[in-house]
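One-based numbering along the sequence shown.
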Amino acid sequence: MTGLLPTVLAPLLVLLLALGIDTWIYADAKERLKQGNPAVFSFGSFKIDTPQAWFLGALLLWAVFFPLYLTATGRNPFR
């Protein structure tokens, strides 16, 4: 039974980490919008410019939207 614990805990911790980052993205995007400096990304007709859109995108495609948000806000550490 001890081998099962890490197998169950690891995905749960990853999920909690992703949800925490999604919540941070929403709060940060909302604060930026309030300050008049929204996080905006557009590609053709595809545009992300609201905190709700950033949260939903990060919730569904975390691996894509988290780096995209960091780039849109000028915080990309790989630049």
- Query: Cluster question for you: counting only ILVMFWY and a side-chain heavy-atom cut-off of under 4.5 Å, with indirect links fine, are F43 and I48 together?
  - Reply: yes

- Flag yes if L17 and I25 sit in one hydrophobic cluster, no otherwise; membership is Ile, Leu, Val, Met, Phe, Trp, Tyr, and two members link when side-chain heavy atoms are under 4.5 Å apart. yes

- Item | D22/F66 under side-chain contact (heavy atoms from CB on, under 4.5 Å): CA gap, chis, key distance, verdict | CA-CA 8 Å; D22 293 347; F66 180 52; over 6 Å; no

- Task: Given side-chain contact (heavy atoms from CB on, under 4.5 Å), test L19 with L59 step by step and report yes or no.
- Result: CA-CA 7 Å; L19 284 173; L59 190 64; 3.7 Å; yes

- Query: Can you hop from V64 to F41 via hydrophobic side chains spaced under 4.5 Å?
  - Reply: yes

- Report yes or no: do L61 and I21 belong to one cluster of Ile/Leu/Val/Met/Phe/Trp/Tyr joined by side chain heavy-atom distances under 4.5 Å? yes

- Any donor-acceptor pair under 3.5 Å from Y69 side chain to R75 backbone: no

- Task: Give a yes or no on whether the backbone of K30 and the side-chain of W54 come within a donor-acceptor separation of less than 3.5 Å.
- Result: no

- Message: Return the OG1 to CG distance between T73 and D28, rounded to the nearest 0.5 Å.
- Response: 6.5 Å

- Can you name the nearest heavy-atom pair linking T23 to F55, along with the distance? N-CE1, 4.1 Å

- Do L33 and P38 come within less than 4.5 Å of each other through their side chains, counting heavy atoms only? yes

- Here the gap from L70 atom CG to F65 atom CZ, rounded to the nearest 0.5 Å, amounts to 13.0 Å

- Are L5 and L12 connected in the hydrophobic side-chain network, where two residues link if heavy atoms are under 4.5 Å apart? no

- So which heavy atom on V40 is nearest to which on A72, and how close? O-CB, 3.9 Å

